[in-house]
Amino acid sequence: DGGITQSPKYLFRKEGQNVTLSCEQNLNHDAMYWYRQDPGQGLRLIYYSQIVNDFQKGDIAEGYSVSREKKESFPLTVTSAQKNPTAFYLCASSMAPRSYNEQFFGPGTRLTVL
Amino acid sequence: QQQVKQSPQSLIVQKGGISIINCAYENTAFDYFPWYQQFPGKGPALLIAIRPDVSEKKEGRFTISFNKSAKQFSLHIMDSQPGDSATYFCAARGTSGSRLTFGEGTQLTVNP
């Protein structure tokens, strides 16, 4: 089956710890994205990557870091510098960036800081 | 930050009724306007999308109406069903790349 997988589904973190969220896609998509979802605020873009070994900051990149070493993988690290990390994190991917291509979303990871 | 404003925040409709969700945008460079549907605990999925060269697009019970001069677009769900109960997001994409800007979301409840 083709699609986007995110792991883990639920993640608990103590304050001051870094944590990495996994995102893998087997759709052969060039572009990948990370969003944060909070109640009443929609989806806010954290980082995105349009090609391997390149990525750009979104609207709320502070306290987060990413890497894009492989086309199919785009892990997100939530660092201790992120002051309010509890949220639902969504990964997405799409074909060639400059077209009317649909963004496909993964099932999400719910991060809770204890 | 380019913004997309969505309303209402929540909506309750009786089965068989029409659900209407509205969005407004500021950036005239937006050239693609999708709507996403999200069920609890799941990722959003594309429902329907429109480009600004048409004023309306219909797919089954779902219709997008687009008013370029007013910089507004809306989603109409005809004959709403309990299975339509979900959160709906409008979005817009500019001509400079692939990133989407999302509205705040509308939680739709369709009562039986």
Side-chain angles (χ1 to χ4, degrees), chain A residues 3-10 21 23-25 27 29-51 54-62 74 87-110, chain B residues 1-11 21-25 27 29-54 57 59 64 66 75 86-107:
Chain A
I4 302 175
T5 57
Q6 291 186 243
S7 61
K9 187 173 178 63
Y10 298 96
L21 282 59
C23 178
E24 303 276 334
Q25 55 97 0
L27 300 168
H29 284 171
D30 296 297
M32 298 186 74
Y33 315 81
W34 273 106
Y35 293 91
R36 170 180 171 143
Q37 185 173 16
D38 297 281
Q41 296 194 50
L43 282 68
R44 293 183 290 168
L45 184 64
I46 304 172
Y47 269 98
Y48 64 108
S49 168
Q50 300 188 80
I51 194 170
D54 188 40
F55 49 83
Q56 291 79 40
K57 293 182 178 180
D59 300 318
I60 55 166
E62 185 176 354
F74 191 40
F88 189 49
Y89 290 87
L90 288 159
C91 179
S93 70
S94 67
M95 292 179 66
R98 188 59 203 112
S99 65
Y100 297 107
N101 285 318
E102 174 183 352
Q103 281 191 21
F104 292 83
F105 284 82
T109 291
R110 187 166 297 280
Chain B
Q1 177 181 349
Q2 301 172 346
Q3 289 187 326
V4 177
K5 294 292 188 182
Q6 183 172 347
S7 64
Q9 186 174 4
S10 63
L11 180 62
I21 304 170
N22 301 299
C23 285
Y25 62 97
N27 187 352
F30 285 147
D31 69 343
Y32 173 67
F33 301 88
W35 284 89
Y36 282 81
Q37 179 188 56
Q38 183 181 31
F39 294 103
K42 305 294 185 182
L46 180 67
L47 186 63
I48 187 173
I50 197 168
R51 303 179 194 181
D53 52 346
V54 297
K57 183 174 182 180
E59 291 184 359
I64 300 179
F66 186 81
L75 176 68
T87 300
Y88 292 82
F89 294 96
C90 63
R93 188 182 66 201
T95 56
S96 61
S98 63
R99 56 171 295 172
L100 292 172
T101 299
F102 284 85
E104 299 91 342
T106 296
Q107 187 169 354

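Letters A, B, ... mirror the listed sequences (proteins, then strands); counts begin at 1. Keep in mind that the numbers below use all heavy atoms, side chains included, and drop hydrogens, waters and symmetry copies.
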### Query
Can you tell me if CD on B/E59 sees more than 12 non-hydrogen neighbours from other groups inside 6.0 Å?
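Yes, because the 6.0 Å sphere around CD of B/E59 holds more than 12 heavy atoms from other groups.
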### Query
In terms of heavy-atom contacts, does CD of A/E24 have more than 12 from other residues, nucleotides or ligands at under 6.0 Å?
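It does: A/E24 CD has more than 12 such atoms within range.
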### Message
To the nearest 0.5 Å, what is the distance between OG on A/S94 and CG on B/L46?
### Response
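CG of B/L46 is found 11.5 Å from OG of A/S94.
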#### Entry: Euclidean distance, A/F105 CZ relative to B/Y36 OH, rounded to 0.5 Å
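The CZ atom of A/F105 is 5.5 Å from OH of B/Y36, to the nearest 0.5 Å.
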### Task
State, yes or no, whether a side-chain contact exists between A/Q56 and B/R99 at a heavy-atom distance under 4.5 Å.
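When only atoms from C-beta onward are counted, B/R99 and A/Q56 do not touch, as no gap falls below 4.5 Å.
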### Message
What I'd like to find out is whether the side chain of A/Q37 reaches to under 4.5 Å of the side chain of B/F102, using heavy atoms alone.
### Response
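With C-beta onward as the side chain, the pair stays apart.
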### Message
Using heavy-atom distances under 4.5 Å, tell me whether A/Y35 contacts chain B through its side chain, its backbone, both, or neither.
### Response
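Only the side chain of A/Y35 comes within 4.5 Å of chain B.
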### Query
Considering only heavy atoms, which portion of A/L45 lies under 4.5 Å from any heavy atom of chain B: side chain, backbone, both, or neither?
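For A/L45, side-chain heavy atoms alone lie under 4.5 Å from chain B.
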### Task
Specify the closest pair of heavy atoms between A/L90 and B/G43, including all atoms of both residues, with the distance to one decimal.
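Heavy-atom minimum between the residues: CD2-CA, 3.7 Å.
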### Atom group of B/Q38 that falls short of 4.5 Å from chain A, counting heavy atoms
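It is the side chain, since no backbone atom gets that close.
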#### Entry: Proximity breakdown for B/P34 and chain A, heavy-atom pairs closer than 4.5 Å
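Looking at B/P34, nothing touches chain A.
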